[in-house]
Trainee: 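I am attaching a structure below and will ask some questions about it afterwards.
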4 protein chains.
Amino acid sequence: MSSTYGENLKLSIFGQSHGGGIGMTLDGIPAGLPVDTEKLQSFLNRRAPGQNDWSTPRAEEDRPEFLSGLLDGYTCGAPIAAVIYNKNTRSGDYANLKDCPRPGHADYTAEIKYGGFQDAAGGGHFSGRLTAPLCIAGGLCKQWLEELDIHVGAHIYAIGGIPDTPFDPLMPQLGKIGTVFPVLSEAAGAAMRQRISATRAEGDSVGGVIECAVTGLPAGIGEPMFGGVESRISAIVYGIPAVKGVEFGSGFQAAALRGSVNNDAYLVENGRIRTQTNNCGGILGGITNGMPLIFRAAFKPTPSISRPQQSVSISRMEQTELIVRGRHDPCIVPRAVPVVESAAAIAIFDLILGNTQSNRRKQ
Amino acid sequence: MSSTYGENLKLSIFGQSHGGGIGMTLDGIPAGLPVDTEKLQSFLNRRAPGQNDWSTPRAEEDRPEFLSGLLDGYTCGAPIAAVIYNKNTRSGDYANLKDCPRPGHADYTAEIKYGGFQDAAGGGHFSGRLTAPLCIAGGLCKQWLEELDIHVGAHIYAIGGIPDTPFDPLMPQLGKIGTVFPVLSEAAGAAMRQRISATRAEGDSVGGVIECAVTGLPAGIGEPMFGGVESRISAIVYGIPAVKGVEFGSGFQAAALRGSVNNDAYLVENGRIRTQTNNCGGILGGITNGMPLIFRAAFKPTPSISRPQQSVSISRMEQTELIVRGRHDPCIVPRAVPVVESAAAIAIFDLILGNTQSNRRKQ
Amino acid sequence: MSSTYGENLKLSIFGQSHGGGIGMTLDGIPAGLPVDTEKLQSFLNRRAPGQNDWSTPRAEEDRPEFLSGLLDGYTCGAPIAAVIYNKNTRSGDYANLKDCPRPGHADYTAEIKYGGFQDAAGGGHFSGRLTAPLCIAGGLCKQWLEELDIHVGAHIYAIGGIPDTPFDPLMPQLGKIGTVFPVLSEAAGAAMRQRISATRAEGDSVGGVIECAVTGLPAGIGEPMFGGVESRISAIVYGIPAVKGVEFGSGFQAAALRGSVNNDAYLVENGRIRTQTNNCGGILGGITNGMPLIFRAAFKPTPSISRPQQSVSISRMEQTELIVRGRHDPCIVPRAVPVVESAAAIAIFDLILGNTQSNRRKQ
Amino acid sequence: MSSTYGENLKLSIFGQSHGGGIGMTLDGIPAGLPVDTEKLQSFLNRRAPGQNDWSTPRAEEDRPEFLSGLLDGYTCGAPIAAVIYNKNTRSGDYANLKDCPRPGHADYTAEIKYGGFQDAAGGGHFSGRLTAPLCIAGGLCKQWLEELDIHVGAHIYAIGGIPDTPFDPLMPQLGKIGTVFPVLSEAAGAAMRQRISATRAEGDSVGGVIECAVTGLPAGIGEPMFGGVESRISAIVYGIPAVKGVEFGSGFQAAALRGSVNNDAYLVENGRIRTQTNNCGGILGGITNGMPLIFRAAFKPTPSISRPQQSVSISRMEQTELIVRGRHDPCIVPRAVPVVESAAAIAIFDLILGNTQSNRRKQ
């Protein structure tokens with residue numbers, strides 16, 4: 001199913017960029033879990049547009065209204081439903097995109113799939129704006145994971161090839177991530193912002209990579225084969241628009257290594273088993289091993305650029321030049337950091353809800 | 001759920017490496033689809049062990065027995081069930097691995113999750129041997145896709161850093177892939193085989209990358225968000241043991257590019273719309289655009305190596321040196337090629353079965 | 001999952017009786033299906049409260065606001081989301097029910113399951129009010145089925161033991177059902193209304209049975225075993241509060257019959273195969289046979305009655321007398337008729353979307 | 001999906017009556033659950049054919065071979081797979097049924113759905129024989145429920161209108177059910193057996209009702225709406241061939257009652273809350289209330305009777321007389337008793353695995 005995720009919790013996301021509202025329902029959550037809506041709003045603000053010079057100037061508050069599922073600061077057992085009403089819509093900007101699709105965007109595939117009935121304004125259901133409800137669900141799951149001492153954090157790993165300091169895979173520096181621009185190295189962050197500004201000035205866009213870590217995970221979370229942590233996380237992360245790659249631990253680098261180098265040797269430390277390295281990113285056989293979970297997601301550059309591009313008129317079946325109007329981020333990576341955290345938090349909380357770990361021990 | 005895949009078809013894989021048998025059930029397949037069991041056997045033989053010097057000498061025929069679902073060469077509407085009985089098992093080799101887990105393998109996480117009740121012999125349910133039933137399902141789906149003129153093929157993209165010629169993303173050379181050693185460049189293949197032999201001689205292993213292409217896909221397959229082609233393919237590909245990265249189209253490379261370079265411009269050719277480049281790997285917004293689907297999966301090196309490794313005794317909670325016995329591939333990548341094809345074929349056929357493409361056209 | 005239904009479409013219902021709003025999301029619907037919102041409103045009005053002397057005087061308009069999924073009178077491919085905002089709430093009436101549960105209601109089981117965190121006002125998520133969003137989804141599915149010449153209709157089969165004329169199972173009289181009070185026999189309807197009024201006057205309530213028919217269904221809809229029409233319909237009908245029995249065709253009567261009487265003999269009529277009787281209710285082996293689908297749902301009497309009842313104080317663990325205040329229907333059966341139609345329409349449309357019927361014919 | 005059941009566990013049933021074998025896979029079961037295979041065999045023997053004069057003389061041992069999932073008497077975490085190989089097949093008996101369908105059987109609907117590709121021998125995948133693998137899964141779940149002090153039992157409630165003593169809904173007499181012929185009243189059992197013999201002698205068949213109880217269930221199991229106990233149980237019970245009705249507690253009788261009679265008053269007894277009556281069958285709002293769960297399933301008479309019946313030739317499109325050969329039960333109800341128990345046990349164990357009951361308590 002398209003916009004539904006979860007084996008144990010059931011997340012359903014709805015809305016179009018310029019429709020009446022966007023939102024989500026989240027079913028299967030136990031009653032009695034605390035919800036701090038101010039903290040949630042702070043989290044959502046990290047994703048919200050219009051705050052600075054590296055994102056779209058479209059101003060939306062992204063303040064969710066909860067229609068059900070919460071009572072007196074706790075989940076009440078009913079499905080949680082939240083809506084963000086769309087206010088600042090300018091759908092006239094998109095009038096030409098149904099016939100003349102933006103290269104790299106879903107305009108063309110939506111036109112084919114939906115036979116012309118889709119809501120093309122602002123990208124419709126394919127808009128990056130749909131990551132706001134994902135962040136509502138993700139922000140809630142993050143809070144509930146924190147109750148279990150499980151922490152999810154992400155930073156910009158690279159933008160346009162400019163790298164940040166990577167996470168220490170044995171002890172990811174979650175507390176050292178910048179709040180305004182989420183990097184570990186201030187210098188790297190400054191270089192990235194400069195690159196974004198330069199790119200914007202040229203009417204272009206640039207991609208990047210986000211690295212995410214989950215700490216405090218006990219060993220034994222995840223299921224074999226298609227229920228593995230990698231399967232579940234990648235399935236939701238690829239639901240974020242513009243993601244074209246996902247890797248865990250040393251990922252694609254591991255493919256060039258020898259087993260004797262890539263294998264993470266075990267050791268006993270303070271009465272606990274751990275590994276000396278963490279090339280596996282905290283997952284073996286799809287199941288957590290108690291080390292930090294580490295993964296990276298590659299974002300392609302925003303397809304909506306103001307430079308003239310070559311497209312086609314679908315109705316006339318002929319080539320044409322396209323000028324994209326409207327407000328677009330020259331780089332969505334900074335705003336996507338909480339979105340990746342959300343995806344990870346939802347996937348992990350879902351796995352924990354359905355955890356089949358044995359509570360017995362063979363003698 | 002762990003070993004179950006599919007939204008429309010339902011694939012369920014069972015078995016342990018050294019148990020009575022391994023197999024699969026495949027439900028939700030329409031009746032009347034032809035099945036060529038000889039062709040299926042040829043496909044399975046590409047994955048079977050013991051054939052050559054770059055794989056484990058364990059000799060298993062991997063000949064599935066169909067218990068239900070087929071009649072007179074066609075699907076009959078009942079769930080398809082197939083079993084491969086295990087014959088050549090030597091479980092004594094694995095006696096020590098429950099207490100002393102192999103680095104990089106699922107031994108440790110299985111021990112924690114299953115409380116000592118798991119079947120550790122041969123890796124149990126986590127064995128690469130479980131990809132044989134995946135190939136039964138995949139080989140069937142490949143045949144059914146071919147009926148629709150959709151073709152799935154893969155080659156070794158790299159082993160230990162040695163690259164093959166990549167696919168032409170506009171016209172993947174499916175017909176040019178070597179049959180014994182699946183590469184496009186014979187020279188690259190020779191160098192890879194040499195690397196594998198050298199690695200084996202040193203008691204080590206090596207990883208690699210597999211590139212897969214699907215041609216003939218119409219535009220409009222896939223659903224938005226979590227039902228996108230990337231989500232569905234990555235969810236099943238990560239179910240293959242040792243996969244640590246999956247990327248589509250230009251993937252992680254796209255993250256370093258500008259939009260003006262990465263966007264695939266549209267053109268009209270012979271009355272059909274296509275793109276000039278294929279950086280998106282045939283997928284926009286999770287939905288196929290009619291261009292070839294291209295993705296790559298990174299395989300870590302086989303964790304089971306014969307060199308001494310540092311591990312721990314779980315019962316005594318102390319460090320110890322581990323010598324892994326048993327028969328293991330120094331590089332699983334060659335045998336994994338049909339497995340990746342299988343995963344892709346299953347995911348695509350599942351999406352086609354549940355396709356919600358509109359059969360109307362707005363006036 | 002609790003409030004989620006569907007194998008191919010995904011319906012998710014949210015809300016509490018006295019919360020901010022109730023609603024639904026409906027995912028997996030193809031684009032381009034027409035939606036007549038006025039016709040939908042007429043359908044919803046059949047369920048709405050406060051219209052007459054046999055239902056609760058709570059006045060709610062039950063006018064859904066569509067937040068996404070519709071554009072210019074057609075589905076647009078995005079998930080459909082609709083909200084009915086709650087206006088006329090009087091939650092003070094329910095203050096005592098968390099500690100002192102109503103017999104026959106979900107008050108007690110909700111208290112145990114949700115540990116006191118549930119929203120008890122108006123029955124919270126267990127309120128009959130939650131059937132309004134079910135009717136939004138059902139009303140839409142009914143319209144889409146009508147496009148396929150499939151018609152869903154229901155009538156009051158009995159109230160308090162007073163029977164209506166039953167459907168002719170070979171040709172259900174869908175066009176003869178009363179619009180204000182949905183019965184086939186006006187006399188029976190009058191007797192039922194009198195019974196309801198008398199029951200209300202005594203501070204009591206009464207149950208009944210609803211019979212539903214679906215005509216125009218082609219043969220071959222439904223899947224074997226747990227995907228059969230009976231399984232799928234009963235799974236959703238039992239989601240309607242107060243339903244305690246569901247039967248198909250001659251149902252429980254069939255259990256007392258002989259095979260020679262219950263079997264529906266085949267005949268050829270006007271070049272089509274049909275049956276002489278319809279004891280199977282149009283379903284054999286879980287699959288439609290082309291005859292009208294017939295089922296009945298038994299509704300227990302409304303548990304909320306104004307007579308004093310014996311209950312307990314959960315906090316004090318002692319028995320106590322309970323006086324239920326608030327507004328309640330003395331008989332929910334009349335208002336439940338469109339709800340049963342909705343459940344049937346959703347189940348059938350879901351099955352049609354995922355239909356695996358072979359499009360080939362063995363020679 | 002057709003032959004797949006479960007939200008948390010995943011049961012997949014495969015096989016055709018006269019194919020290579022029938023069986024099941026059961027995924028999502030925690031490791032370390034004990035399995036007594038002898039006890040399981042005793043349970044399966046209750047369903048097995050050929051034992052007495054009221055069932056088909058087809059002799060099948062119904063002895064499952066476990067291919068995976070069990071080790072040393074415990075579940076090992078891998079999916080459980082079991083096969084029963086078919087031995088005593090006589091498919092020649094069924095040669096004419098593809099063209100000339102048996103009234104009341106799935107022959108016709110299978111022919112339409114599967115386009116002639118179905119395996120018609122012995123009813124193929126629609127055979128009552130497919131309840132054997134259901135009983136493997138059910139027998140396992142029963143054992144695991146017993147570990148939790150939850151007991152599932154059923155008896156013949158009626159055959160051909162002859163009633164057994166019903167269960168005491170407050171304290172079902174699970175220990176008093178006959179072992180050879182599962183009734184509470186020996187006299188009723190004798191009358192039923194006589195009715196079956198007489199019916200068989202006339203070349204006819206007869207239906208009946210099975211009543212099932214589950215004791216020891218804690219309050220709080222089940223989810224709201226479509227995840228309610230009634231929904232989940234009916235969805236699996238309707239997967240049993242010949243079931244045409246399912247009701248809970250007082251079921252269809254409740255529809256004729258007043259609320260003041262049907263409501264189950266609460267009382268405190270020995271420091272625990274319970275109800276004075278159990279008209280709700282242990283379920284309120286879809287959630288268990290701690291009282292015994294009671295439901296009944298109506299079975300239509302076996303459609304395969306030896307009397308001549310009126311059918312049609314599909315190929316010639318003309319009416320014809322049908323004489324059914326082969327071995328058939330004149331009444332399947334006695335053998336279906338463990339099948340109904342199995343369905344209940346699977347549904348309940350599935351709900352327990354995914355239970356979202358809050359482990360907190362609001363102050």
Trainee: Once you round to the nearest 0.5 Å, how far does CZ of Arg195(D) lie from CZ of Arg258(C)?
Mentor: 7.0 Å

Trainee: For the candidates Gly251(D), Gly281(D), Gly161(D), Ala110(D), which exhibits the highest count of non-hydrogen atom pairs separated by less than 4.5 Å from chain C?
Mentor: Gly251(D)

Trainee: Taking all non-hydrogen atoms of both residues, which atom of Ser234(C) and which atom of Ser234(D) are closest, and how far apart?
Mentor: OG-OG, 3.1 Å

Trainee: Treating Lys113(C) as the side-chain partner and Gly222(D) as the backbone partner, does any N or O pair qualify as donor plus acceptor under 3.5 Å?
Mentor: yes

Trainee: Report which part of Asp204(C) has an atom under 4.5 Å of a heavy atom belonging to chain D: side chain, backbone, both, or neither.
Mentor: side chain

Trainee: Heavy-atom distances under 4.5 Å only: say whether Ala219(C) touches chain D with side chain, backbone, both or neither.
Mentor: both

Trainee: Tell me, out of Ser304(D), Gly286(D), Ala256(D), who's got the most heavy-atom pairs with chain C below 4.5 Å.
Mentor: Ala256(D)

Trainee: Treating Thr109(C) as the side-chain partner and Leu284(D) as the backbone partner, does any N or O pair qualify as donor plus acceptor under 3.5 Å?
Mentor: yes

Trainee: side-chain contact (heavy atoms from CB on, under 4.5 Å) between Val243(D) and Glu230(C): does it pass, once the steps are laid out?
Mentor: CA-CA 9 Å; Val243(D) 171; Glu230(C) 292 114 328; over 6 Å; no

Trainee: Under 4.5 Å from any heavy atom of chain D, what part of Glu111(C) do you find: side chain, backbone, both or neither?
Mentor: both

Trainee: Please assess Leu257(C) against Lys300(D) for the test side-chain contact (heavy atoms from CB on, under 4.5 Å), listing each intermediate value before the final yes or no.
Mentor: CA-CA 7 Å; Leu257(C) 298 180; Lys300(D) 69 179 183 184; over 6 Å; no

Trainee: Quick one: what part of Pro218(D) sits under 4.5 Å from any heavy atom of chain C, side chain, backbone, both or neither?
Mentor: neither

Trainee: Can you tell which of Arg361(C), His125(C), Gln276(C), Gln253(C) has the highest number of heavy-atom pairs within less than 4.5 Å of chain D?
Mentor: Arg361(C)

Trainee: Considering the options Thr199(D), Ile305(D), Val206(D), which one meets the side-chain contact (heavy atoms from CB on, under 4.5 Å) requirement together with Ser260(C)?
Mentor: Ile305(D)

Trainee: Yes or no on side-chain contact (heavy atoms from CB on, under 4.5 Å) for Phe226(C) and Thr4(D), after CA distance, side-chain angles and deciding distance?
Mentor: CA-CA 7 Å; Phe226(C) 318 118; Thr4(D) 306; 5.7 Å; no

Trainee: Could you check which of Val209(D), Asn289(D), Ile273(D) has the highest count of heavy-atom pairs closer than 4.5 Å to chain C?
Mentor: Ile273(D)

Trainee: Identify the heavy atoms of Gly115(D) and Ser358(C) that sit nearest to each other, and give their distance.
Mentor: N-CB, 4.4 Å

Trainee: So Ile287(D) and Phe126(C), side-chain contact (heavy atoms from CB on, under 4.5 Å) or not? Walk me through it.
Mentor: CA-CA 11 Å; Ile287(D) 299 171; Phe126(C) 295 88; 3.6 Å; yes

Trainee: Under a 4.5 Å heavy-atom cut-off, does chain D meet the side chain of Thr288(C), its backbone, both or neither?
Mentor: backbone

Trainee: Pick one of side chain, backbone, both or neither for Thr302(D), based on which atoms fall under 4.5 Å of a heavy atom in chain C.
Mentor: backbone

Trainee: At their closest point, which heavy atom of Ala254(D) faces which heavy atom of Pro301(C), and how far apart are they?
Mentor: O-CD, 3.2 Å

Trainee: Could you look at Ile233(D) and say if it's the side chain, the backbone, both or neither that has a heavy atom under 4.5 Å from chain C?
Mentor: neither

Trainee: Sort Leu351(C) into side chain, backbone, both or neither according to what part of it lies under 4.5 angstrom from a heavy atom of chain D.
Mentor: neither

Trainee: Out of Gly285(C), Gly160(C), Ala235(C), which one racks up the most heavy-atom pairs below 4.5 Å with chain D?
Mentor: Ala235(C)

Trainee: Distance from Asn262(D) atom CG to Ser205(C) atom OG, nearest 0.5 Å?
Mentor: 8.0 Å

Trainee: Which answer fits Ile314(C), side chain, backbone, both or neither, if we ask what part of it has an atom under 4.5 Å from a heavy atom of chain D?
Mentor: both

Trainee: Could you have a look at Gly220(D), Gly259(D), Ala106(D) and say which one has the most heavy-atom pairs with chain C under 4.5 angstrom?
Mentor: Gly259(D)

Trainee: Find the one option among Val246(C), Asn355(C), Thr275(C) whose heavy-atom pairs under 4.5 Å with chain D are most numerous.
Mentor: Val246(C)

Trainee: Which bit of Arg307(D) comes within less than 4.5 Å of chain C, counting heavy atoms only: side chain, backbone, both or neither?
Mentor: side chain

Trainee: Roughly how far, to the nearest 0.5 Å, is the CD1 atom of Ile13(C) from the CE atom of Met225(D)?
Mentor: 4.0 Å

Trainee: For Tyr266(D) versus Ser311(C), what's the shortest heavy-atom pair and its separation?
Mentor: CD1-OG, 3.7 Å

Trainee: Please classify the contact between Glu318(D) and chain C as side chain, backbone, both or neither, with a heavy-atom cut-off of under 4.5 Å.
Mentor: backbone

Trainee: Highest number of heavy-atom pairs under 4.5 Å with chain C: which of Arg360(D), Arg272(D), Gln319(D)?
Mentor: Gln319(D)

Trainee: Any heavy-atom pair between the side chains of Gln357(D) and Ile112(C) that's under 4.5 Å?
Mentor: yes

Trainee: Between Pro241(C) and chain D, with a heavy-atom cut-off of 4.5 Å, which part of the residue counts as in contact: side chain, backbone, both or neither?
Mentor: neither

Trainee: Which heavy atom of Arg296(D) sits nearest to which heavy atom of Phe252(C), and what is that distance?
Mentor: O-CZ, 3.9 Å

Trainee: Minimum heavy-atom separation for Asp264(C) and Pro103(D), please, with both atom names.
Mentor: O-CB, 3.4 Å

Trainee: Report the relative orientation of the aromatic rings in Phe248(C) and Tyr238(D); use parallel for angles under 30°, tilted for 30 to 60°, perpendicular for over 60°.
Mentor: perpendicular

Trainee: Just wondering, do Cys280(D) and Lys244(C) contact through their side chains at under 4.5 Å, heavy atoms?
Mentor: yes

